[in-house]
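Let me begin by presenting the structure, written as structure tokens, before commenting on it.
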Amino acid sequence: MPETVTAPAPVPTTDPRVVRAIDLAWREAELLDRKDYETWIGLYTDDGSYVIPIDPDTDDFAGTLNMVYDDARMRRMRVTRMTEGYAIAAVDAARTVRTVSRFVPESVTDDEVVLRSAQVLIAYKRGRHDIWAADLVHHIRLSPSGDRIVLKVVRLVDSEDAVPAAGFLL
Amino acid sequence: MSHDTTTPAELAAADRVAGRLYTDPEIFEGEISRIFERTWVWVAHESELPGPGTFKSAHVGRQPVIVTRDRKGTLHTLLNRCRHRGASLCEKPKGQANGFTCPYHAWSYGLDGKLRGIPYPEGYEGVIEKGELSLKKLRTESYGGMVFATFHDGIESLEEFLGDAKLWIDRFMKQGGGYPIKVLGKHRFKFRGNWKIQLENTTDGYHFPIVHRSWMASVDAETADMMSFMTDPSAITHALGNGHSVMQMVPGHSDLDADDGTEPLQGRFDHLIKDLAQTLEPAQVRKVVRAMHGTGFNLNLFPNVSMSAAFFRVLRPISVDETEIEHIAIGPDGPPELDAVNRERLRIHEHFQGPFGFGTPDDAEGWDRVQRGAQGAPDMPILVNRGLAREKASPEGWPTSHVTDETGMRAAYGQWKEMMRDA
């Protein structure tokens with residue numbers, strides 16, 4: 001008789017810890033659509049990373065080329081670029097509306113939630129709508145002083161193909 | 001060539017070109033057949049084909065090709081089209097294979113394009129000769145690791161075509177610090193504009209401090225200072241013949257072997273210098289760190305590749321108003337200690353070059369606007385006359401002007417005119 005292994009029951013999205021993580025992911029989505037980058041940057045921990053990889057399978061972001069691989073320093077410079085008014089792509093950036101859904105809690109502890117989700121973003125600029133579809137992973141650190149993002153990975157379905165050069169963030 | 005009697009010479013004068021060059025679909029079709037299918041088009045860097053059986057997908061003009069390395073090490077460029085019913089043989093961007101089998105009826109081809117097998121061959125007895133049904137093969141030649149292909153069997157050799165650009169290819173490869181160059185990764189993006197807008201951009205020093213102000217503000221003072229070439233009289237552009245040109249933004253880094261040792265290494269790389277110094281000779285450390293931003297020039301090779309400071313920029317015309325670009329990150333192919341160097345080079349590349357970089361989206365916005373603006377009065381000229389009156393011949397005989405001048409654009413349009421009138 002083969003040994004019977006019982007998989008742990010999945011944590012439901014109604015778990016209060018998961019609810020907090022989903023709230024944060026949704027708040028982040030809205031801030032990015034509003035291009036409120038100054039508030040957005042405050043959602044990240046100082047040791048947090050924001051990554052848009054090219055290789056769909058890699059977790060070695062340091063050793064491969066990414067579209068975005070931002071630590072706190074790069075994130076700060078990026079927000080400055082997006083808000084200072086000198087980057088012509090940011091000044092005339094597309095308007096975006098994104099939907100984040102299909103949440104699956106990957107792991108849940110009292111300190112950290114790893115949350116997978118799907119994001120569909122429509123970007124409108126000068127008579128064109130571009131679609132950006134991606135799988136997201138958020139590592140969210142839970143804390144009484146405020147939940148924060150430790151890692152966000154945006155895996156575009158077409159990450160290895162040619163995408164438009166963007167003046168906004170995913 | 002167009003719906004009226006306008007000649008290439010009238011469309012592209014010495015100091016101006018018609019705006020219609022960006023918007024007229026008939027001119028675009030002429031460019032595909034007379035330029036992209038008649039000259040040497042860059043398809044690969046040899047490091048992308050490191051061993052027998054390795055391949056990559058590419059395009060020559062609009063036509064899909066596979067670049068392969070066979071068991072003997074010879075490079076081939078094969079049209080990606082089965083001889084039977086035209087299906088594409090390979091849809092992978094790169095990989096390793098013994099050959100290619102069409103997924104439709106399983107006709108199979110070797111790495112050199114020879115037809116090897118046909119399933120159920122009885123129906124073809126007396127009908128076909130296998131030897132006549134190899135994949136269509138393009139002439140393929142390489143120089144300095146840069147692999148080019150052409151549909152035109154009768155043209156000059158690649159080396160003749162590159163001419164004086166060869167010296168600059170040699171210099172560009174010195175950023176390996178004595179090691180060969182390898183491809184580290186690539187960004188791919190597209191913009192809604194004509195391919196020539198991008199061709200011009202890599203030889204356009206004039207836009208740099210304006211379009212890239214936000215990037216300049218984000219880098220350290222040493223890097224910003226390095227790129228402050230606007231008023232530096234030693235920063236110059238040469239036309240090299242056959243439409244090629246070189247724009248020297250940082251003349252002190254044009255030949256990385258020319259180093260008197262007085263230039264301090266950038267403080268931002270201190271951590272790297274310390275690590276490398278544990279195993280590499282000081283001179284070697286200096287070589288690879290001094291080359292961290294590549295060479296101090298952009299070499300524009302007509303019509304589709306530039307070797308720009310620390311990366312390759314490859315353009316692919318899609319239609320009259322759509323172009324795809326690859327920004328290919330490169331670095332030294334050396335011992336494991338250099339992995340840290342290449343990681344740093346990846347970060348530098350990400351900072352400027354990607355579709356979310358601090359530079360490329362701003363370039364792309366400028367290019368989009370050129371395409372949109374050029375819809376107005378399409379016969380009104382685009383000016384390429386900056387620096388015309390101060391252009392002089394260099395000791396080598398190359399037309400030369402300041403780095404912000406449009407000497408490189410004039411060189412490219414001169415070649416465009418030659419090829420477009422050459423039926």
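In what follows, every chain begins at residue 1, and chains take the letters A, B, ... in the order their sequences are listed.
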*State whether the side chain of B/Arg188 and the backbone N or O of A/Ser159 hold a donor-acceptor pair below 3.5 Å, judged by distance alone.*
no
*Leading residue by heavy atom contact count with chain A [cutoff under 4.5 Å; candidates B/Trp215, B/Phe189, B/Phe356, B/Phe191]*: B/Phe356
*Pick from A/Gly85, A/Pro164, A/Gly63, A/Ala89 with the largest number of heavy-atom pairs that fall under 4.5 Å of chain B*: A/Ala89
*Crowded around A/Asp60 CG? As in, over 12 foreign heavy atoms under 6.0 Å?*
yes
*State, yes or no, whether a side-chain contact exists between A/Asn66 and B/Arg347 at a heavy-atom distance under 4.5 Å.*
yes
*Give a yes or no on this: more than 12 heavy atoms of other residues, nucleotides or ligands lie within 6.0 Å of atom CZ of A/Phe61.*
yes
_Contacting moiety of A/Asp55, where chain B heavy atoms sit under 4.5 Å_ = neither
*OH of B/Tyr179: more than 12 outside heavy atoms within 6.0 angstrom?*
yes
*Contact residues of residues 364-371 of chain B (partner chain A; heavy-atom separation under 4.5 angstrom)*: B/Ala364, B/Glu365, B/Gly366, B/Asp368, B/Arg369
_chain B contact via A/Thr64 - side chain, backbone, both or neither, heavy atoms under 4.5 Å_ = backbone
_Between A/Val163 and chain B, with a heavy-atom cut-off of 4.5 Å, which part of the residue counts as in contact: side chain, backbone, both or neither?_
both
_Tell me whether the count of non-hydrogen atoms from other residues, nucleotides or ligands lying under 6.0 Å of CZ in A/Arg95 goes above 12._
no
_Contact check, side chains of A/Arg126 and B/Arg192, non-hydrogen atoms, under 4.5 Å_ = no
*Could you tell me which of B/Pro93, B/Ala217, B/Pro361, B/Gly354 has the largest number of non-hydrogen atom pairs under 4.5 Å with chain A?*
B/Pro361
*Are the side chains of A/Leu65 and B/Glu350 in touch, meaning some heavy atoms are under 4.5 Å apart?*
yes
_From CE (B/Met216) to OH (A/Tyr86), nearest 0.5 Å_ = 13.5 Å
*Positive for side-chain contact (heavy atoms from CB on, under 4.5 Å) with A/Ile88, one of B/Ile210, B/Asp363, B/Asp362*: B/Asp362
_Counting heavy-atom pairs under 4.5 Å with chain A, which one of B/His351, B/Lys190, B/His212 comes out on top?_
B/Lys190
*Does NZ belonging to B/Lys94 count more than 12 external heavy atoms closer than 6.0 Å?*
no
_Pick from A/Met77, A/Arg81, A/Met82 with the largest number of heavy-atom pairs that fall under 4.5 Å of chain B_ = A/Arg81
*asked:* Between B/Gly185, B/Ala329, B/Ser214, who has the most heavy-atom pairs with chain A when the cutoff is under 4.5 Å?
replied: B/Ser214
*Counting only heavy atoms closer than 4.5 Å, note whether B/Phe358 contacts chain A via side chain, backbone, both or neither.*
both
